[in-house]
Amino acid sequence: MSSTFFGISTGLYFIAMAVYFSYVGFRKPGIAVAASGITMLGFLSQTIALALRWRDSFNFWTGGVPDSGTIESVLRSAPLRNLYESLIFFVWALIAMHLLTEFKYKNRSLGAFVLPVAALALAFIDVSGMSTEIEPLVPALQSNWLLFHVFLSFIGYAAFGVSFGAATAYLIMITDSRNEIPYIFGSVVIGIFLVVLIAMGIDYVNLSSVQRGQMLQSYFLTATFKSTSGFMMALSWVVGTIFIAAVWRFGLGLKKVLGGLDLSVNMLDDMTYKSIAVGFPLFTIGGVIMGAIWANSAWGTYWSWDPKETWSLITWFVYAVYLHARLVAGWRGKKAAVLAIIGFVAVIFTYLGVNLVLSGLHSYGSS
């Protein structure tokens with residue numbers, strides 16, 4: 001039953017993304033209201049799906065550990081236990097943050113930038129072929145810190161996702177020339193992100209059904225950039241470079257579109273700052289501090305320089321520098337927006353990239 005509601009919410013988010021794009025193109029208030037309504041329906045459906053998944057996980061846990069107490073069973077069965085569930089929760093938190101931002105600023109334009117991030121995260125689930133089954137909880141995850149550590153971390157990630165959307169829109173609106181370094185940086189980063197996602201889709205099409213169920217890391221980009229065929233590898237680099245150049249070439253065309261909406265650069269700059277101001281303490285407490293406590297209970301040490309831990313610290317430093325530069329040095333504008341984009345790149349690499357190209361103690365990505 002939960003998969004049905006997840007499917008409904010995924011479909012609604014993709015429809016909402018298309019409607020938000022239509023709003024950007026036609027600028028009709030009725031279209032914006034429809035986009036928000038569809039997004040809220042998708043959010044409601046996903047909330048029901050998460051609740052049903054939690055119930056199913058609870059029954060699965062108590063079936064395997066019948067002598068477990070009720071509170072312990074509830075904590076152990078929280079739907080935050082593998083990469084699939086964490087991605088679903090990330091999208092749920094991102095949409096929640098987006099709706100709160102819409103309500104606070106009474107502006108629906110940002111949906112054209114946030115909904116694609118949610119849709120791409122859901123598309124990643126399909127193209128990666130990750131398992132969606134409820135699985136036994138590995139010993140390292142059998143901790144009361146699991147719920148709080150992962151929950152707060154992903155609420156923080158969602159806030160950083162909103163800041164990424166606002167910073168990207170800000171950079172486009174403030175840029176006068178494609179040769180400006182902040183615009184080049186932003187367009188290249190987004191282009192690389194899209195190229196990697198497309199290449200993973202090609203991986204998925206190229207794999208057998210058995211291979212799709214195996215570890216993501218084993219087949220990451222093996223059909224394109226890491227292909228055994230020199231021709232395919234060279235072709236991938238050429239096509240990828242052309243795609244990124246196209247994002248750089250045509251991305252500035254959005255400036256004219258954004259200029260016609262009720263967005264201002266000051267509003268976007270404020271959204272970026274406040275999203276990071278909300279996400280940073282949540283990530284600090286949930287991701288870093290509670291993560292260290294959990295690591296000590298699971299592996300006997302607070303810090304082991306595991307790749308995930310190292311990149312979490314790098315992410316924390318990027319956002320700490322952002323807040324310090326803004327509050328102490330008075331950073332505003334392009335430099336602050338670029339730093340916000342760098343921060344979200346670090347978030348994505350910490351969350352997904354580490355599992356795909358590195359190895360470590362964390363299980364996400366290998367399940």
Working note: R55 + S77, criterion side chain to side chain contact (heavy atoms under 4.5 Å, CB included); need CA distance, chi angles, decisive distance, verdict.
CA-CA 8 Å; R55 182 204 62 184; S77 57; over 6 Å; no

Passes ring pair (Phe, Tyr, Trp, His ring centres under 6.0 Å), F280 versus W316? Steps please.
CA-CA 8 Å; F280 184 74; W316 185 88; 5.4 Å; yes

Go through the steps to decide whether Y322 and Y319 satisfy the test ring pair (Phe, Tyr, Trp, His ring centres under 6.0 Å), and finish with yes or no.
CA-CA 5 Å; Y322 174 95; Y319 285 113; 7.3 Å; no

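Taking OG1 from T39 and OH from Y20, the interatomic distance works out to 4.0 Å, rounded to the nearest 0.5 Å. The OG1 atom of T315 sits 5.0 Å away from the CZ atom of F283 when rounded to the nearest 0.5 Å. A distance of 4.0 Å separates OG1 in T47 from CZ in F43, rounded to the nearest 0.5 Å. Between the CZ atom of F160 and the CD1 atom of I155 there is a distance of 12.0 Å, given to the nearest 0.5 Å.
Cluster partners of I242, by chain and number: V238. The rule joins Ile, Leu, Val, Met, Phe, Trp and Tyr whenever side-chain heavy atoms lie under 4.5 Å apart.
By the 6.0 Å contact criterion, CH2 on W303 is enclosed, its count of non-hydrogen atoms from other residues, nucleotides or ligands being greater than 12.
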Would you give me the side-chain donor-acceptor pairs under 3.5 Å for residues 165-175, sequence neighbours excluded?
| unit_1 | atom_1 | unit_2 | atom_2 | d |
| --- | --- | --- | --- | --- |
| T168 | OG1 | F164 | O | 2.8 |
| T175 | OG1 | L171 | O | 2.4 |

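For D56, there are no salt bridge (Lys or Arg N to Asp or Glu O under 4.0 Å) partners, not counting sequence neighbours.
Between the side chains of Y183 and D176, no donor N or O sits under 3.5 Å from an acceptor N or O. Inspection of the S163 and T272 side chains reveals no N or O donor paired with an N or O acceptor under 3.5 Å.
A continuous path of hydrophobic side-chain contacts links V321 to F185 [ILVMFWY only; heavy atoms under 4.5 Å]. A continuous path of Ile, Leu, Val, Met, Phe, Trp and Tyr side chains, each step under 4.5 Å between heavy atoms, connects I244 with I184, placing both in one hydrophobic cluster.
Ion pairing between K334 and D269 fails under the 4.0 Å rule for side-chain N and carboxylate O.
Aromatic ring centres of F89 and F151 lie closer together than 6.0 Å.
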